[in-house]
J.: 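One structure follows; several queries about it will come next.
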Amino acid sequence: MTRLSVNINKIATLRNARGGNIPDVIKVAIDCERFGAQGITVHPRPDERHIRYSDVTELKKVVSTEFNIEGYPSEKFMKLVLSVKPHQVTLVPDPPDALTSNAGWNTKKNKSFLYEIITELKNSGIRASIFVDTVTENIENAVDTGTDRIELYTEPYASIYSTDKKAAIAPFIKAAKIAQKSGLGINAGHDLNLQNLKYLKVNIPWLMEVSIGHALISEALYYGLENTIQMYLRQLK
Ligand code: PXP
């Protein structure tokens with residue numbers, strides 16, 4: 001089974017545009033689960049421009065499926081996740097002012113840094129995942145960081161899917177096989193949508209989780225949140 005974790009950052013972006021509490025991020029998380037999502041993902045950034053640190057604490061109280069927190073492991077981020085203790089923390093290398101995550105870790109260069117952070121997470125009973133591209137060296141070195149899983153950065157897949165899906169998927173199958181052989185669990189995320197998700201799942205059936213935000217929330221404007229989540233779940237069957 002591949003779990004669908006809904007990234008609700010965009011809901012917070014909409015709320016923050018007006019001040020006040022519409023839409024209610026907490027209610028949306030509960031409803032996503034009610035509509036079938038098997039996880040909730042948030043990505044608090046240092047400037048709290050979408051999900052706020054206080055949202056993360058409140059979400060922990062209500063999320064009954066899997067709670068996944070993504071982010072760069074700054075001191076502030078680590079303090080937050082070690083006190084909230086979500087099921088999973090996904091470490092991303094993006095600088096504080098990045099618009100969105102746009103690269104995976106150089107796991108060779110950051111091996112000892114990641115090892116230290118991951119050890120801290122695991123000592124607190126939190127599963128660790130690290131965001132990586134499909135470069136073999138990055139997958140191989142990920143093993144030595146002690147991470148439980150990797151999250152494959154799927155933007156390069158999504159960007160050429162519509163013109164050449166075979167070429168788009170090839171490096172992902174290769175990376176996923178290397179990771180599987182090394183005993184790493186595999187998640188995936190970034191720019192996945194109703195068009196490209198099924199082909200990813202069919203080619204990497206051992207995929208454990210996808211986290212999807214931008215497209216899912218945008219599609220919900222047309223189909224409604226419940227329908228959209230159900231449509232995504234069907235792509236993963
Ligand atoms: N995974 C990571 C590490 C991310 O940073 C993001 C975006 O916040 C996603 C997955 C979800 O990407 P998208 O919003 O394109 O579905």
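Given the structure is predicted, the values throughout are model-derived calculations rather than measurements. Numbering of ligands and ligand atoms starts at 1, following listing order. Atoms considered below: every heavy atom in the structure, side chains included; atoms not considered: hydrogens, waters and symmetry mates.
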J.: Can you pull out the closest protein heavy atom to atom 5 (O) of ligand 1? Residue, atom name and distance to 0.1 Å, please.
T.: Ser101 OG, 2.5 Å

J.: Please write down residue, atom name and distance for the protein heavy atom closest to atom 11 (C) of ligand 1.
T.: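 Going by distance alone, atom 11 (C) of ligand 1 is nearest to Ser211 O, 3.8 Å.
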
J.: Is Lys60 close enough and on-axis enough to Phe67, meaning under 6.0 Å and within 45°, for cation-pi?
T.: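 Lys60 over Phe67 ring: no.
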
J.: Pull out every atom of ligand 1 sitting under 4.0 Å from any heavy atom of Val92, numbered as shown with elements.
T.: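 Answer for ligand 1: 3 (C).
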
J.: Please list, in number order, the atoms of ligand 1 under 4.0 Å from a heavy atom of Glu151.
T.: 1 (N), 2 (C), 3 (C), 10 (C)

J.: Please determine if Asp191 has a nitrogen or oxygen closer than 3.5 Å to a nitrogen or oxygen of ligand 1.
T.: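 N/O-N/O distance under 3.5 Å: yes.
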
J.: Assert yes or no for the condition that the ring centre distance of Tyr153 to His190 is strictly below 6.0 Å.
T.: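 Ring centres of His190 and Tyr153 closer than 6.0 Å.
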
J.: Thinking salt bridges, do Asp55 and Arg52 make one under a 4.0 Å N-O criterion?
T.: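 Salt bridge: no.
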
J.: Determine, for Arg15 against Asp24, whether the closest basic-nitrogen to carboxylate-oxygen distance falls under 4.0 angstrom.
T.: no

J.: One residue to check: His190. Relative to ligand 1, which of side chain, backbone, both or neither has a non-hydrogen atom less than 4.0 Å away?
T.: both

J.: Side chain, backbone, both or neither: which applies to Lys10 and ligand 1 if a contact is any heavy-atom pair less than 4.0 Å apart?
T.: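 Neither part.
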
J.: For the side-chain hydrogen bond (donor to acceptor under 3.5 Å, both in side chains) test, which of Asn68, Thr65, Thr41 pairs with Ser5?
T.: Thr41

J.: Taking Asp148 first and then Arg127, would you say they form a salt bridge - that is, a charged N and a carboxylate O separated by under 4.0 Å?
T.: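 Answer for the salt bridge query: no.
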
J.: Please list, in number order, the atoms of ligand 1 under 4.0 Å from a heavy atom of His43.
T.: 5 (O), 8 (O)

J.: So, do Ile139 and Ile150 sit near enough that their side-chain heavy atoms are less than 4.5 Å apart?
T.: yes

J.: Is it the side chain, the backbone, both or neither of Glu70 that has a heavy atom closer than 4.0 Å to ligand 1?
T.: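 Contact part for Glu70 vs ligand 1: side chain (C-beta onward).
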
